[in-house]
A.B. asks: 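My structure is below; once you've seen it, I'll send some questions.
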Amino acid sequence: MNIHADKILILDFGSQYTQLIARRIREIGVYCEIWAWDHDPREIVAFAPKGIVLSGSPESTLDPGSPRAAQQVWDAGVPVLGICYGMQTMAMQLGGSVQAGDEREFGYAAVLPAGRSRLFDGLAGDNETPALDVWMSHGDRVASLPPGFEVIGSTPNVPIAAMADETRGLYGVQFHPEVTHTAKGEAMLRRFLVDICGAATLWTADLIIDDAVARVREQVGGDTVLLGLSGGVDSSVVAALLHKAIGAQLVCLFVDTGLLRFNEGDQVMALFAGQHHLNVVRVDARDRFYGKLQGVADPEAKRKIIGAEFVAVFDEAARRYGDAKWLAQGTIYPDVIESAGSKTGKAHVIKSHHNVGGLPAGMRMGLVEPLRELFKDEVRRLGLALGLPREMVYRHPFPGPGLGVRILGEVSREAADVLQRADAIFIDELRRSGWYDKVSQAFAVYLPCRSVGVVGDARAYEPVIALRAVETIDFMTAHWAHLPYELLDEVARRIVNEVRGVSRVVYDISGKPPATIEWE
């Protein structure tokens, strides 16, 4: 079964919600890909999508040189859904017009359906409350319809909040159906994908696994495959998937840097080598990493040292398997999207990426990347389907350099030991209280300062631990989590009482922006 046969193409005009559109489409069960709006338009025909979605954008269609959909979009003969900016460029390109709004509309709105449309029919409420609750984020708006279009939704502020050319299957909505604030957004997207585009819902965890297993077997044949198993979600799911596909041909190299979570090395070995019977080689490199980091306080320098040393250790271990022709990596779809980008995209580098390692130049091995089409939430669902424990599959993100960027200042074995234990207490209490799954990421940070405290009857002058917990959808922005005072009190008491060498615990209440989620 070809699970990629019925696919949707998303043209990205720069919206912060583009990846969310793709995730919602895939949750419905339809495969989709994100291309930059300026991607070679000749490839649209070869891609043969069942439908096309035009994303939103921070740009204005009224500005000279603003992005436009290629003519091939309109010539493809498939249904098209324009969202926000996508609706506006659809209107302008097909003969309508757009005007600047008097003020930006951001947040809740009630769209009153008009006429009949396959996109909205049956989704509105009763006669007393017929409106659709949606979420708006725009300044410009469509002023006049292109030929062949009709208004299918309006608000008091936006007379043309949704439009359609039913004959050609062209639809535009000024709101965002992909966000949870749009009450029936999932139903609208399903209506477009299944009823209008006629796409089959084949994108399920079991079928994705079957497809990936078949492709891996075809790619590597009887060759040995090496995988750097970190214990993180992506590498763990890759390990389980490759083990299902090629069994003993997979060799997992687990590099213990000394900068992992509390007892993580033992847990990785128990789960994968013990319970799942994978061939896992544990490389104890703790002394090497601590030695390389001695006297280094600059966060960028620490990242580079950790990354370079990881590659060196992995390369040395991999040489024992000189016949291995393939290196497996946990590359996921957001990595692919960010690497491809748009030739017109602009971004500022805030800091080096948290992932460490890479393909050593002298290894000359082919890459096996079975997750490169998947978003993180899809990777997690595959992990569960492959039999990995939920508490591992759904645990919070952990930076590639590990505690190297959570120990501020110089990294030492003593600081790592203190931080591991403090972090374990924080996570344990979050799980116990039911808050772990309510926050997106939580961790402890070792601060490069000491504070006066009283331990028993003695004066202490010891390190400070900061706690960080955030709530976010896309990790681009984040709010600090409003944990109950009782929970924070219990965590602080346990850390000070159980972790020797901590005098004070503080809680970080900074949002992103201006702060980043990690401290370094």
Side-chain angles (χ1 to χ4, degrees), residues 209 212-213 216 220 223-286 288-289 306-307 309-321 324-332 335 354-360 363 365-372 374 376 379-380 382-404 420:
I209 290 172
V213 166
V216 167
V220 308
D223 298 336
T224 298
V225 178
L226 296 183
L227 168 67
L229 177 61
S230 69
V233 175
D234 299 336
S235 71
S236 296
V237 174
V238 170
L241 182 59
L242 292 182
H243 184 66
K244 180 179 178 67
I246 58 176
Q249 294 170 232
L250 173 66
V251 177
C252 298
L253 301 179
F254 171 56
V255 177
D256 189 345
T257 65
L259 303 173
L260 305 174
R261 300 174 178 94
F262 184 65
N263 286 339
E264 187 166 20
D266 294 340
Q267 293 167 1
V268 167
M269 296 304 295
L271 175 63
F272 290 99
Q275 183 177 338
H276 287 270
H277 309 294
L278 275 70
N279 181 7
V280 184
V281 178
R282 184 174 184 174
V283 182
D284 187 351
R286 289 174 289 182
R288 287 182 58 167
F289 279 88
I306 294 169
E309 193 63 16
F310 181 91
V311 171
V313 172
F314 186 89
D315 192 16
E316 291 171 15
R319 288 175 185 171
R320 305 172 198 168
Y321 304 91
K325 297 181 180 178
W326 302 94
L327 177 69
Q329 291 188 335
T331 307
I332 62 175
D335 301 329
H354 289 310
N355 291 337
V356 298
L359 186 60
M363 290 188 73
M365 301 168 71
L367 285 179
V368 179
E369 299 175 310
L371 307 182
R372 65 179 287 113
L374 306 179
K376 178 70 81 172
V379 172
R380 295 187 197 278
L382 256 63
L384 293 180
L386 289 164
L388 295 178
R390 189 184 188 284
E391 59 269 22
M392 190 279 287
V393 171
Y394 278 92
R395 67 182 179 179
H396 296 168
F398 190 67
L403 302 185
Q420 284 174 336

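Note that the coordinates shown come from a computational prediction; the quantities given were computed from them, not determined experimentally.
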A.B. asks: Is the backbone N or O of Gln329 less than 3.5 Å from a side-chain atom of Glu369, with the two atoms forming a donor-acceptor pair by type?
C.D. replies: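 Looks like no, no N/O pair under 3.5 Å.
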A.B. asks: What's the separation between atom CG in Leu374 and atom CZ in Arg372, rounded to the nearest 0.5 Å?
C.D. replies: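 Taking CG in Leu374 and CZ in Arg372, the distance rounds to 11.0 Å.
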A.B. asks: Which pair of non-hydrogen atoms, one from Val216 and one from Pro370, has the smallest distance, and what is that distance?
C.D. replies: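 For Val216 versus Pro370, the nearest heavy atoms are CG2-CB, 4.2 Å.
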A.B. asks: Do Tyr321 and Val281 have side chains that get closer than 4.5 Å, going by heavy atoms?
C.D. replies: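 Touching, per the 4.5 Å side-chain cut-off.
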A.B. asks: Measure the shortest side-chain to side-chain distance between Phe272 and Ser236 over non-hydrogen atoms and say whether it is less than 4.5 angstrom.
C.D. replies: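 With C-beta onward as the side chain, the pair touches.
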A.B. asks: To the nearest 0.5 Å, how far apart are CD in Glu264 and CE in Met269?
C.D. replies: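 Answer rounded to 0.5 Å: 13.0 Å.
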A.B. asks: So which heavy atom on Gln249 is nearest to which on Asp223, and how close?
C.D. replies: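 In terms of heavy atoms, the two residues are closest at NE2-O, 2.8 Å.
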A.B. asks: Report the distance from atom CG of Leu253 to atom CD of Glu316, rounding to the nearest 0.5 Å.
C.D. replies: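 Leu253 atom CG to Glu316 atom CD measures 12.0 Å (nearest 0.5 Å).
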A.B. asks: Looking at Val255 and Phe310, what are the two nearest heavy atoms and their distance?
C.D. replies: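 Looking at all heavy atoms of both residues, the shortest contact is CB-CE1, 3.9 Å.
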A.B. asks: Using a strict cut-off of less than 4.0 Å between a Lys/Arg side-chain nitrogen and an Asp/Glu carboxylate oxygen, indicate whether Arg380 and Asp234 qualify as a salt bridge.
C.D. replies: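 A salt bridge is absent here (no side-chain N lies under 4.0 Å from a carboxylate O).
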A.B. asks: I need the minimum non-hydrogen distance between Val268 and Gly231, along with the two atoms involved.
C.D. replies: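 Here Val268 and Gly231 meet closest at CG2-CA, 3.8 Å.
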A.B. asks: Would you mind reporting whether Arg288 and Glu309 have side-chain heavy atoms less than 4.5 Å apart?
C.D. replies: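 Yes - at least one pair of side-chain heavy atoms lies under 4.5 Å apart.
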A.B. asks: Indicate yes or no for a side-chain donor-acceptor contact from Asp335 to the backbone of Ile332 under 3.5 Å, with no hydrogens or angles considered.
C.D. replies: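 A pair under 3.5 Å: yes.
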A.B. asks: Run Leu386 and Lys244 through side-chain contact (heavy atoms from CB on, under 4.5 Å) and show every step you take.
C.D. replies: CA-CA 8 Å; Leu386 289 164; Lys244 180 179 178 67; 3.8 Å; yes
A.B. asks: Please report the C-alpha distance between Arg395 and Arg261 in whole Å, then the side-chain angles of each, then the deciding distance to 0.1 Å, and finally whether the side-chain contact (heavy atoms from CB on, under 4.5 Å) criterion is met.
C.D. replies: CA-CA 12 Å; Arg395 67 182 179 179; Arg261 300 174 178 94; 3.1 Å; yes
A.B. asks: Does some side-chain heavy atom of Leu278 sit less than 4.5 Å from a side-chain heavy atom of Leu229?
C.D. replies: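 Not touching, per the 4.5 Å side-chain cut-off.
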A.B. asks: Evaluate side-chain contact (heavy atoms from CB on, under 4.5 Å) for Val233 paired with Tyr394, printing each intermediate quantity in order.
C.D. replies: CA-CA 8 Å; Val233 175; Tyr394 278 92; over 6 Å; no
A.B. asks: How about NZ on Lys376, more than 12 heavy atoms from neighbouring residues, nucleotides or ligands closer than 6.0 Å, or not?
C.D. replies: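 Yes, because the 6.0 Å sphere around NZ of Lys376 holds more than 12 heavy atoms from other groups.
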A.B. asks: Quick one: does Val283's side chain get under 4.5 Å of Asp256's, heavy atoms only?
C.D. replies: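 They are not in contact (no side-chain heavy atoms under 4.5 Å apart), so the answer is no.
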A.B. asks: Looking only at heavy atoms, which two atoms of Leu260 and Leu403 are closest? And how far apart?
C.D. replies: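 Of all heavy-atom pairs spanning Leu260 and Leu403, the closest is O-CD1, 3.4 Å.
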A.B. asks: Are Val225 and Val251 packed together at the side-chain level, in the sense that at least one heavy-atom pair is separated by less than 4.5 angstrom?
C.D. replies: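 Counting from C-beta outward, Val225 and Val251 never come under 4.5 Å.
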A.B. asks: Is any side-chain heavy atom of Leu227 closer than 4.5 Å to one of Val238?
C.D. replies: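 Yes, side chains in contact.
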A.B. asks: Looking only at heavy atoms, what is the nearest atom pair of Ile306 and Gly404, with distance?
C.D. replies: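 Shortest heavy-atom separation between Ile306 and Gly404 comes out as CD1-CA, 3.9 Å.
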A.B. asks: When you look at Phe289 and Val313, which way does the side-chain contact (heavy atoms from CB on, under 4.5 Å) test go after all the steps?
C.D. replies: CA-CA 10 Å; Phe289 279 88; Val313 172; 4.2 Å; yes
A.B. asks: Would you compute the distance between atom CG of Leu259 and atom CD of Gln420 and round it to the nearest 0.5 angstrom?
C.D. replies: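 Between Leu259 CG and Gln420 CD, I get 8.0 Å after rounding to 0.5 Å.
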A.B. asks: Got a donor-acceptor contact below 3.5 angstrom from the His276 side chain to the Ala273 backbone?
C.D. replies: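 Looks like no, no N/O pair under 3.5 Å.
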A.B. asks: Taking the side chain as every heavy atom from C-beta outward, state whether Leu327 and Phe314 have any atom pair closer than 4.5 Å.
C.D. replies: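 Side-chain contact under 4.5 Å: yes.
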A.B. asks: Rounded to the nearest 0.5 Å, how far does CG of Asp266 lie from CG of Leu271?
C.D. replies: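 Atom-to-atom, Leu271:CG and Asp266:CG are 12.5 Å apart.
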A.B. asks: How long is the straight-line distance from CD1 of Ile209 back to CG of Leu382, given to the nearest 0.5 Å?
C.D. replies: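 Separation between the atoms: 4.0 Å.
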